[in-house]
Amino acid sequence: MDTPLSTIAVVGLGTMGTGIAEVLARSGREVIGIDTDEAAARRAVASLQASTARAVERGRITEEERRDALARFRTFSDLQAAADAELVIEVVPESYEIKQQVFRELDAIVSPATILATGTNALSVTRLAAESQRPERVLGLHFFNPAPAMKLVEVVSSVLTAPPAVEAVTALARLLGKEPVAIGDRPGFVADGLLFGYLNQAAAMYEANYATREDIDAAMKLGCGLPMGPLALLDLIGIDTARTVLEAMYSSSHDRLHAPAPILGQLASAGLTGRKAGRGFYTYAEPGSQTVVPDALTPAPRGEAAAGRTVRSVGVAGSGTMASGIAEVFAKAGYDVVLAARGQEKADLAKARIATSLDRSVAKGRLSEEARDEALDRITAAASLDAFAEVDLAVEAVAEDLLVKQELFATLDKVCRPGAVLATTTSSLPVVAIARATGRPEDVVGMHFFNPAPAMRLVEVVRTVLTADDVHATVHEVCRTVRKHPVDCGDRAGFIVNALLFPYLNNAIKMVEEHYASLDDIDAAMRLGGGYPMGPFELLDVVGLDVSLAIEKVLHNEFRDPGLAPAPLLEHLVAAGCLGRKTGRGFREYARR
């Protein structure tokens, strides 16, 4: 079927419907906007007028193009207006009853050749199609908010959908400047199917009082490069909407990761649905505002906390990338640093790595030659931990092996002076088990830097049940001195970032195992639809599949949730030695250097 799809009806003129109408009108399509609420129709027209005026001001379109786009958008309150449409896109509330009623009425109005598209992100396209007299013409066309800016469009086929209908809307999406991804029918599809499980886990983490809302959001923005933290994103999406999506996902998967966190139901029942209500996880200046205002849960300024211990010198144990990166961070901040490795040669190589890194900073204009030389002069390369005798803070960055770290901390206990703070950079091991290897567990704290340490601003500060108040305060003061952002979390597997990141990565692998979507489509969906800097498979290959598997095993062992069990495909790739970029092959193949 060759359908030009030049006349398109959009049913439902809320935020999403209005955005879709704008995209269509600006692309040259005749757009019929339909909403029973005349106020919603007026708001849609006003929104299009305002957005096109901004586009003219920014030089993106001419005044003539603006007038033409506005003339192509007409609004009506009756579905009869869709009679001549070649494509109808419904974006009414997420309810089977409402959507099925729309489709039943459209069946009696539109041409037999008209394609009916649902904008649902949670409901079954197959179930909606089955209620239509023309199920072969029904499909899903899932735009992302804000529709004018977001590139991804998920084109969802049911078992009943005719291929020509899919081809027509896919071609349309490309003409609109979008990136269409063709997928099958399951709740959440690709992007929301992965995104909402992650959001749900973040809500549950907050509900368990494991970390503050501010620290959870900061951790995921700074640790993963996400444009928004999960709790702020839930407020933007709408907590009631998120709960609806999760309910649909859980009814299909029965995966506990998709069972809506109770706090979502509590907030929704109280009418605290996020930005649109003026309050959700955060409080806003007014309904619809994006301005967060302080409330009873806003943390007190750090200045009111307990005073920390004085830190002038720092010992860094290890010779790898993380150890040299941490040593560089401290040296540039003015601390005297002892970098200790197993042997003088390894220590000297680690210091040489720092010199190379500092030279790059000078070449890029980020550091003066004088500052480089001063930082390098502050670093002493040592052949053993004995050199830590007088340091005020000792930070280990050795292999992620509990026995290795316990042995090292037992040595630090003997070597370091009384009152020195002992920190581990573990990303997955129990800090308290490391602390108990010493005779002073109150001096031990987790200080999880992210790689590359000089560039990444986040540090997860992990306090055990034994960590002293002044030790905790000391680490916060040190983080601020080295210009890092500390977030507090308790001593459990994954802390904040890995506990939220790796279940999401694991679920992406399961999608591939189930042949639901390809690696490329999943990566594209999360970059374009979720705003992630990297798709999940790109990230897995960068992190290392062996490292990823180890973290997922730790999470599964700690929480005993079947949904956290590592995907068999990941285990098979690791067993085959396909560990990602470092071996030249992981989920993808890489050119050898």
Side-chain angles (χ1 to χ4, degrees), residues 4-94 102 106 110 114-121 141-154 169 172-180 236-238 241 275-276 286-290 528-529 531:
L5 303 182
S6 59
T7 302
I8 301 171
V10 179
V11 181
L13 295 176
T15 302
M16 180 59 80
T18 299
I20 294 171
E22 177 181 340
V23 171
L24 295 169
R26 287 178 60 172
S27 75
R29 269 72 192 167
E30 295 293 327
V31 183
I32 301 163
I34 302 172
D35 200 303
T36 55
D37 182 351
E38 293 184 2
R42 288 194 296 272
R43 287 193 297 271
V45 172
S47 175
L48 184 58
Q49 290 172 336
S51 64
T52 52
R54 288 193 298 272
V56 171
E57 289 174 8
R58 294 167 183 170
R60 294 175 181 170
I61 60 173
T62 65
E63 182 59 40
E64 183 180 1
E65 288 171 332
R66 175 177 185 259
R67 287 195 300 269
D68 290 345
L70 292 174
R72 285 191 291 268
F73 180 46
R74 296 168 292 151
T75 62
F76 302 86
S77 59
D78 194 321
L79 279 176
Q80 287 290 340
D84 295 329
E86 297 157 298
L87 167 66
V88 180
I89 306 171
E90 71 75 17
V91 275
V92 300
E94 288 290 273
V102 168
L106 287 171
V110 300
T114 299
I115 299 171
L116 304 180
T118 172
T120 184
N121 66 339
L141 195 56
H142 180 212
F143 288 79
F144 287 75
N145 197 26
M150 300 296 279
K151 289 289 189 182
L152 180 67
V153 174
E154 291 177 321
V169 297
L172 171 67
R174 291 198 177 99
L175 289 172
L176 296 176
K178 303 298 183 184
E179 295 284 345
L236 176 61
I237 292 168
T241 301
R275 282 192 190 180
K276 60 188 175 185
E286 60 185 10
S289 171
Q290 63 180 351
L528 301 174

Student: Between Thr7 and Glu30 (side chain of the first, backbone of the second, donor and acceptor by atom type, cut-off under 3.5 Å), is there such a pair?
Tutor: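 No: the side chain of Thr7 does not pair with the backbone of Glu30.
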Student: Does Asp35 use its side chain to pair, donor to acceptor, with the backbone of Leu13 at less than 3.5 Å?
Tutor: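 Indeed, once roles are kept as given, a pair shorter than 3.5 Å links the two residues.
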Student: Go through the steps for Glu94 and Thr120 under the test side chain to side chain contact (heavy atoms under 4.5 Å, CB included), then give the verdict.
Tutor: CA-CA 7 Å; Glu94 288 290 273; Thr120 184; 2.8 Å; yes
Student: Quick one: closest heavy-atom pair of Val10 and Gly17, and the distance?
Tutor: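 That closest heavy-atom pairing would be CG1-O, 3.6 Å.
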Student: Short question: side chain of Arg60, backbone of Arg58 - any donor-acceptor pair under 3.5 Å?
Tutor: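 Pair absent, no side-chain N/O of Arg60 close to backbone of Arg58.
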Student: What are the two closest heavy atoms between Phe144 and Glu154, and how far apart are they?
Tutor: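 The pair with the smallest heavy-atom distance is CZ-OE1, 3.6 Å.
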Student: Measuring only between side-chain heavy atoms, which start at C-beta, is Arg275 closer than 4.5 Å to Gln290?
Tutor: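 Yes, close enough: below the 4.5 Å cut-off.
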Student: Is a donor on one side and an acceptor on the other found under 3.5 Å between the side chain of Lys178 and the backbone of Met150?
Tutor: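 Confirmed, Lys178 side chain pairs with Met150 backbone.
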Student: Report yes if the side chains of Thr241 and Lys276 come closer than 4.5 Å at any heavy-atom pair, otherwise no.
Tutor: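 Counting from C-beta outward, Thr241 and Lys276 do come under 4.5 Å.
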Student: Mark yes or no for whether Ser27, through its side chain, and Leu24, through its backbone, hold a donor-acceptor pair below 3.5 Å.
Tutor: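 A pair under 3.5 Å: yes.
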Student: Can you check whether Ile8 reaches Leu172 side chain to side chain, under 4.5 Å on heavy atoms?
Tutor: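 They are in side-chain contact.
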Student: Step through the shown structure and confirm whether more than 12 heavy atoms of other residues, nucleotides or ligands are within 6.0 Å of CG on Asp37.
Tutor: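 Count over threshold, so yes.
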Student: Supply the atom-to-atom distance Asp68 CG to Arg26 CZ, rounded to the nearest 0.5 angstrom.
Tutor: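 So the gap between those two atoms works out to 12.5 Å.
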Student: Could you grab the distance from atom CD of Gln80 to atom CG of Leu106, nearest 0.5 Å is fine?
Tutor: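 Between Gln80 CD and Leu106 CG, I get 9.5 Å after rounding to 0.5 Å.
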Student: Please report the shortest heavy-atom distance between Ile61 and Thr52, naming the atom on each side.
Tutor: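 For Ile61 and Thr52, the tightest heavy-atom pair comes out as CD1-O, 3.8 Å.
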Student: Just by distance, do the side chain of Arg66 and the backbone of Gln49 share a donor-acceptor pair under 3.5 Å?
Tutor: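 Looks like yes, one N/O pair under 3.5 Å.
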Student: Return the minimal non-hydrogen interatomic distance between Ala82 and Val110, and the atom names on each side.
Tutor: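 Minimum heavy-atom contact is O-CG1, 3.5 Å.
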Student: If I compare all heavy atoms of Ser51 with all of Leu48, which pair ends up nearest, and what's the gap?
Tutor: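 So the two residues come closest at OG-O, 3.2 Å.
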Student: Are any of the side-chain heavy atoms of Val23 and Arg29 separated by less than 4.5 Å?
Tutor: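 No, side chains not in contact.
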Student: Counting distance only, does the side-chain N/O of Arg72 pair as donor-acceptor with the main-chain N or O of Val31 below 3.5 Å?
Tutor: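 Side chain of Arg72 to backbone of Val31: no pair is present.
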Student: Would you confirm whether Glu86, through its side chain, and Ser6, through its main-chain N or O, come within 3.5 Å as a donor-acceptor pair?
Tutor: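 Between the backbone of Ser6 and the side chain of Glu86 there is a qualifying donor-acceptor contact (under 3.5 Å).
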Student: Quick one, Met16 and Ile89 - any side-chain contact, counting heavy atoms below 4.5 Å?
Tutor: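 Side-chain contact under 4.5 Å: no.
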Student: To the nearest 0.5 Å, what is the distance between CD on Glu90 and CD1 on Ile20?
Tutor: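 With rounding to 0.5 Å, CD (Glu90) is 9.5 Å from CD1 (Ile20).
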Student: For Lys151 versus Gly177, what's the shortest heavy-atom pair and its separation?
Tutor: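 Taking Lys151 first and Gly177 second, the nearest heavy atoms are NZ-O, 3.2 Å.
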Student: Give, for atom CG of Leu5 and atom CD1 of Ile115, the distance between the pair rounded to the nearest 0.5 Å.
Tutor: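 Rounded to the nearest 0.5 Å, the CG-CD1 separation comes to 5.0 Å.
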